[in-house]
Number of protein chains: 2
Amino acid sequence: MTSPAVSSRDLPHPARDEIRLEPILHALSDPMRLAIVRELATVCGELTCSQFELPVTKSTTTHHFRVLREAGVIRQVYRGTAKMNGLRKDDLDDLFPGLLDALLGAADRQAVRLG
Amino acid sequence: MTSPAVSSRDLPHPARDEIRLEPILHALSDPMRLAIVRELATVCGELTCSQFELPVTKSTTTHHFRVLREAGVIRQVYRGTAKMNGLRKDDLDDLFPGLLDALLGAADRQAVRLG
DNA sequence: CGACTCGTACGATAGGCATCGTAGTATGGC
DNA sequence: GCCATACTACGATGCCTATCGTACGAGTCG
């Protein structure tokens, strides 16, 4: 085996050139998904799906992560039974410089404003 | 008459403090509405609803403008039979500095990339 | 092998929404 | 007053989606 073979299962991600602005905005317009992205941005690394404390069932959590992945916002990869999630900051910064930071900054500012 | 009395009809706008990020992102995640905002940003002034060349009926156009207004993205005011539309750039820049420019920049960049 | 954990798939449900067409209201000019 | 213009209101339709529950698959550890 030449590659590390993280898993036999692999997940469909959009290529960088296929990432569109509208699906990104749609993905982030859901409070649950915006919270996920904010948390991913603060840890600045990878988290498993179950490390998020979301007030929804696991099925719904799976759904939200898939929407984020298919919009090109996060990258998901299996490691054992766990699925690691990370922001596609490199690709997003390349496609839309400053956008991710502006969105995260706006979300932070709103969180402060609303207490 | 002391005020210019633009019209007896007035439209409900969210106060600046009531504007939330999620509805803004939802409003801009629709290609039609993103196109409207991009056009408003380029003219940098006010436009009537009928000055937009959108491939939908007037009913649908009215709907999109209302979504944008209720999200706090645009300001609408009647002047005679016409309804003038303008970006709420001042309020948005105050609430979320840099966000609007980042969004418009991303939209421009995507438009260039897709030809 | 067997049990356990993590996440998926699928169906169901309820609500939201983009779109249309038609009928209606407000404003301005004749 | 009457008509044209600009936009709205309302109902209908079909699609999308956020949520759940249950049943399942993939991997790990004993």
Side-chain angles (χ1 to χ4, degrees), chain A residues 1 3-13 20 22-37 40 46-71 73-86, chain B residues 1 3-13 20 22-37 40 46-71 73-86:
Chain A
M1 220 96 41
S3 74
V6 284
S7 171
S8 58
R9 302 178 273 180
D10 57 336
L11 300 152
H13 289 74
R20 298 287 193 97
E22 294 90 336
I24 292 177
L25 299 183
H26 171 244
L28 298 183
S29 71
D30 183 280
M32 210 75 68
R33 292 192 289 258
L34 184 57
I36 291 173
V37 169
L40 276 179
E46 289 187 325
L47 288 175
T48 68
C49 289
S50 53
Q51 283 178 286
F52 292 85
E53 302 258 351
L54 299 174
V56 290
T57 64
K58 278 201 299 183
S59 313
T60 306
T61 303
T62 296
H63 163 68
H64 285 310
F65 275 102
R66 182 174 43 199
V67 172
L68 286 170
R69 186 188 70 236
E70 292 178 346
V73 178
I74 66 172
R75 208 184 324 263
Q76 294 189 293
V77 88
Y78 280 104
R79 206 159 59 200
T81 64
K83 189 154 78 168
M84 306 308 294
N85 300 276
Chain B
M1 224 106 28
S3 75
V6 284
S7 173
S8 59
R9 301 179 273 181
D10 56 336
L11 299 153
H13 289 74
R20 297 286 195 97
E22 294 90 335
I24 292 176
L25 299 183
H26 171 245
L28 298 184
S29 70
D30 183 279
M32 211 74 69
R33 291 192 290 258
L34 185 56
I36 291 173
V37 169
L40 276 179
E46 290 186 325
L47 287 176
T48 68
C49 290
S50 52
Q51 283 179 287
F52 291 85
E53 302 259 351
L54 299 175
V56 289
T57 63
K58 276 203 294 183
S59 311
T60 306
T61 302
T62 296
H63 163 69
H64 285 312
F65 275 101
R66 182 175 44 199
V67 172
L68 287 170
R69 187 188 71 235
E70 292 177 347
V73 178
I74 66 172
R75 208 185 321 264
Q76 296 190 292
V77 86
Y78 281 104
R79 204 158 61 198
T81 64
K83 188 153 79 169
M84 306 309 293
N85 300 276

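Proteins get letters first, then strands, A, B, ... in listed order; numbering begins at 1 in each. The shown structure was predicted, so the numbers you read here are calculated from the model rather than taken from an experiment.
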Discussion item. Taking only side-chain N and O atoms of A:Thr61, does any of them lie within less than 4.0 angstrom of OP1 or OP2 on C:dG7?
Written reply: no
Worksheet item: Can you tell me if the side-chain N/O atoms of A:Tyr78 get under 4.0 Å from OP1 or OP2 in C:dT8?
Response: yes
Discussion item. Once you apply a heavy-atom cut-off of 4.0 Å, does B:Thr62 come out as touching a base, just sugar-phosphate, or nothing?
Written reply: base
Worksheet entry | Rounded distance (Å) that lies between atom P of C:dC17 and atom CD of B:Glu22 | 14 Å
Worksheet item: Of all heavy-atom pairs between A:Ala82 and A:Thr48, which one has the smallest distance, and what is that distance?
Response: CB-CG2, 3.8 Å
Item to complete: Compare the minimum distances between each of C:dC20, C:dA18, C:dT5 and the side chain of A:Thr81, then state the nucleotide with the smallest one.
Response: C:dT5
Worksheet entry | Nearest-Å distance for atom pair CZ/C1', residues A:Arg66 and D:dA18 | 12 Å
Worksheet entry | No-hydrogen, no-angle side-chain donor-acceptor test under 3.5 Å, B:Ser59 and B:Thr62 | no
Worksheet item: Among C:dA18, C:dC6, C:dC20, which is the nearest nucleotide to the side chain of B:His64?
Response: C:dA18
Worksheet entry | Shortest non-hydrogen contact between B:Thr61 and B:Cys49, atoms and distance | CG2-O, 4.5 Å
Worksheet item: Roughly, in whole Å, what's the span from NE2 in A:His63 to C1' in C:dG7?
Response: 16 Å
Practice prompt. Report which part of the nucleic acid A:Thr60 touches: base, sugar-phosphate, or nothing (heavy-atom distance under 4.0 Å, all strands).
Written response: base
Item to complete: Would you mind reading off the distance between B:Arg79 atom CZ and C:dA26 atom C1', rounded to a whole angstrom?
Response: 17 Å
Worksheet entry | Separation of atom NZ in A:Lys83 from atom P in C:dC6, rounded to whole Å | 14 Å
Discussion item. Whole angstroms only, please: what is the CE-C1' distance between A:Met32 and D:dA18?
Written reply: 9 Å
Fill in: Exercise: identify the closest heavy-atom pair between A:Leu28 and A:Val37
CD2-CG2, 3.7 Å
Worksheet, complete the sentence: Closest non-hydrogen atoms of B:His13 and B:Ile74, given as atom of the first, atom of the second and distance, are CD2-O, 3.8 Å
Worksheet entry | Heavy-atom donor-acceptor pair, B:Ser59 side-chain to C:dT22 base, under 3.5 Å | yes
Item to complete: Classify the nucleic acid contact of B:Thr48 as base, sugar-phosphate or nothing, counting any heavy atom under 4.0 Å across all strands shown.
Response: sugar-phosphate
Practice prompt. Please determine, for the side chain of A:Thr57, which listed nucleotide (D:dC7, C:dT19, D:dC20) has the closest atom?
Written response: D:dC20
Worksheet item: Expressed in angstrom and rounded to an integer, what is the separation of A:Asp10 atom CG from C:dT8 atom P?
Response: 13 Å
Worksheet item: C:dG7 base to A:Lys58 side chain: any donor-acceptor pair below 3.5 Å?
Response: yes
Item to complete: Return the value, rounded to whole Å, for the distance between atom CZ of B:Phe52 and atom C1' of D:dA6.
Response: 15 Å
